[in-house]
Amino acid sequence: MQAAVFHGPHDVRVTDLPAPTPQAGEVLIKVQRAGICGSDVNRFRYGSHPWPPGFIMGHEFCGVIAALGSEVSGWQIGQQVVVEPTLYCGTCWYCQQGYHNRCVDFMQRGITGSGTNGAFADYVCVPAYQPHARPSGLPIEVAALVEPMAVSVHGWRLAEVEQPDSVVVVGLGNIGLLAVLVAKARGARQIIAIGKYAPRQELAYAYGAALVLEPDDPQLHRRILERTAGLGTELVLEAAGTPSSLQTAVAIARKGGKIVVLGVFHEAVALDFRMILLTEKHIMGSLIYQRQDFADAITILAAGGVDQGRHITAEIPLRDIISHGFIPLSEQKAAHIKIQVYPQA
């Protein structure tokens, strides 16, 4: 089979490898579609710490079950599936409570495609607890968006709000745009989005945003106050992962408002915790997802709403993953929302 193997920064090699054989408790997936995540791009650019090189990336994917290992029940060869790539020990206190994303071994195990072989290949073996059945009405291109959609679904569930009067999504990359769809599906009465680049802003409107603002708009705070009766927003989903985006998210939340951090930060952020204390704002981290979040993401996406033509900005064969995938995503960030890869086997 063909596979894109990560060997180090700017060193991904598409090569021929033997197809893997499922071991006990595993299923073999014939990959149909895999999305290139921002974390994949960061590994391509900077490295894979703490996981040593020599693995196949790719964790946003769907496919068909091609073989079953021993001790596997509940799945059949030929079933269409979407893969939830979480890896966990299953025995620690967190796993026993159902919080698999908080597993004590999470940083060591990572997820499928981070340290262990993933979906930038014709075939991949995964634990039998990872797949979810793909509904027949869910196209494979949209099914490969379930994993990032589940990130936003999980953040929403952590916030424990029902039909908030106002939601702001900060950051309009793939996660942020899908967060707008989640807010709409969850009944938010007013959705405001903050982000750059006209194509993404237009898509945010199409997905349900009533107002889209530039992050450097000098009137940003005033405009949000005007739309929220002078209070600020009830819920903020931070999806950009930059110091300025988090500072904006905290500033625009109302007293007692909730700020859910979805973005991945690579540097420390200075916040005024005296102000946070005096306004009783709640800041919570949100780490990937749990199994119900993944199932809910499938349901939301199966109901429709994704503009495939605008959201999926390129579909490329696996052999072109470097020249038409990693390089443009590294050098032309504004040009793409999601690039997906299709194997050719």
Side-chain angles (χ1 to χ4, degrees), residues 33-41 59-62 82-86 101 111 132 134-135 138-159 161 164 167-188 191-197 199-210 212 235-241 245 249 259-264 286-290 292-315 329 333 336-340:
R33 193 60 58 103
I36 302 178
C37 177
S39 63
D40 297 320
V41 178
H59 60 269
E60 303 177 2
F61 66 105
C62 64
V82 185
V83 177
E84 176 187 347
T86 312
N101 61 321
I111 60 177
H132 294 246
R134 176 170 72 85
L138 183 64
I140 59 172
E141 299 87 353
V142 181
L145 295 174
V146 168
E147 194 274 345
M149 169 70 93
V151 171
S152 296
V153 172
H154 181 62
W156 188 279
R157 185 161 63 85
L158 286 179
V161 295
V167 175
V168 174
V169 176
V170 183
L172 289 179
N174 182 51
I175 295 287
L177 286 167
L178 294 173
V180 174
L181 277 176
V182 172
K184 182 180 180 180
R186 292 294 190 246
I191 305 168
I192 300 171
I194 301 173
K196 299 185 290 185
Y197 313 131
R200 301 183 187 192
Q201 294 169 340
E202 293 164 4
L203 203 49
Y205 277 120
Y207 285 174
V212 180
L235 173 64
V236 188
L237 301 174
E238 191 289 318
S245 64
I259 302 100
V260 180
V261 181
L262 305 177
V264 178
S286 179
L287 179 62
I288 59 171
Y289 31 72
Q290 294 166 10
Q292 187 58 52
D293 304 315
F294 213 88
D296 289 349
I298 291 174
T299 299
I300 293 171
L301 288 172
V306 170
D307 187 327
Q308 291 178 228
R310 289 194 286 173
H311 197 115
I312 301 167
T313 47
E315 300 171 87
L329 286 170
K333 183 177 180 181
H336 291 284
I337 297 170
K338 177 59 62 178
I339 294 178
Q340 290 186 344

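Residues: numbered from 1 along the sequence shown.
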Checklist line | Pairwise side-chain contact, V146 with C62, heavy-atom cut-off 4.5 Å (strictly under) | finding: no
Note to self: To the nearest 0.5 Å, what is the distance between CE on M149 and CG on L177?
What the structure shows: 10.5 Å
Next item on the list: Please name all residues satisfying salt bridge (charged side-chain N to carboxylate O under 4.0 Å, His left out) with E238, sequence neighbours left out, ordered by chain then number.
Entry: none
Note to self: Under the rule for side-chain contact (heavy atoms from CB on, under 4.5 Å), what residues qualify as partners of S39, not counting sequence neighbours?
What the structure shows: C37, R43, H59
Checklist line | Side chain to side chain, L145 and Q340, heavy atoms closer than 4.5 Å | finding: yes
Next item on the list: Looking only at non-hydrogen atoms, find the nearest pair between L181 and G305 and report the distance.
Entry: CD2-O, 4.1 Å
Margin query: Please enumerate all residues that pass side-chain contact (heavy atoms from CB on, under 4.5 Å) together with N101, with sequence neighbours excluded.
Written below: Y99, H154, L287, I288, Q290
Note to self: If you compare all heavy atoms of I111 against all heavy atoms of T86, which two are closest, and at what distance to 0.1 Å?
What the structure shows: CG2-CA, 4.1 Å
Item checked: From H132 atom NE2 to I298 atom CD1, the distance as rounded to the nearest 0.5 Å -> 5.5 Å
Check: Does a side-chain heavy-atom distance below 4.5 Å link E315 with R33?
Finding: yes
Check: So, for R157 and D293, which heavy atoms are closest and what is the spacing to 0.1 Å?
Finding: NE-OD1, 2.7 Å
Notebook entry, point to check: If we only count heavy atoms from C-beta on, is the V151 to S286 side-chain gap below 4.5 Å?
Noted result: no
Checklist line | Heavy-atom pair with the smallest gap, counting every atom of A159 and V260 | finding: CB-CG2, 3.9 Å
Next item on the list: With sequence neighbours excluded, tell me which residues meet side-chain contact (heavy atoms from CB on, under 4.5 Å) with P199.
Entry: Y197
Checklist line | Close side-chain approach of V167 to V161, heavy-atom, < 4.5 Å | finding: no
Margin query: Quick one, Y207 and D307 - any side-chain contact, counting heavy atoms below 4.5 Å?
Written below: yes
Next item on the list: Check the angle between the aromatic planes of F294 and Y289 and answer parallel, tilted or perpendicular using the 30° and 60° thresholds.
Entry: perpendicular
Margin query: Going by the rule side-chain hydrogen bond (donor to acceptor under 3.5 Å, both in side chains), which residues pair with R200 if we only count those two or more places apart in sequence or in a different chain?
Written below: none
Check: Do D40 and L329 have side chains that get closer than 4.5 Å, going by heavy atoms?
Finding: no
Note to self: On a heavy-atom basis, which atom in V306 and which in L301 lie closest, and how many Å separate them?
What the structure shows: CG2-CD2, 3.4 Å
Check: Which atom pair, heavy atoms only, marks the closest approach of P135 to A302?
Finding: CG-CB, 4.4 Å
Checklist line | Pair H311-N174, side-chain contact (heavy atoms from CB on, under 4.5 Å): steps then yes or no | finding: CA-CA 8 Å; H311 197 115; N174 182 51; 2.7 Å; yes
Next item on the list: Report the distance from atom CD1 of I194 to atom CG of L237, rounding to the nearest 0.5 Å.
Entry: 11.5 Å
Checklist line | Spatial distance of atom CZ (R186) from atom CG (D296) [nearest 0.5 Å] | finding: 5.0 Å
Margin query: To the nearest 0.5 Å, what is the distance between CG on L178 and NZ on K338?
Written below: 8.5 Å
Next item on the list: Quick one: list whatever passes salt bridge (charged side-chain N to carboxylate O under 4.0 Å, His left out) with R134, sequence neighbours left out.
Entry: none
Notebook entry, point to check: Hey, are the side chains of S152 and L262 touching, using non-hydrogen atoms and a 4.5 Å cut-off?
Noted result: yes
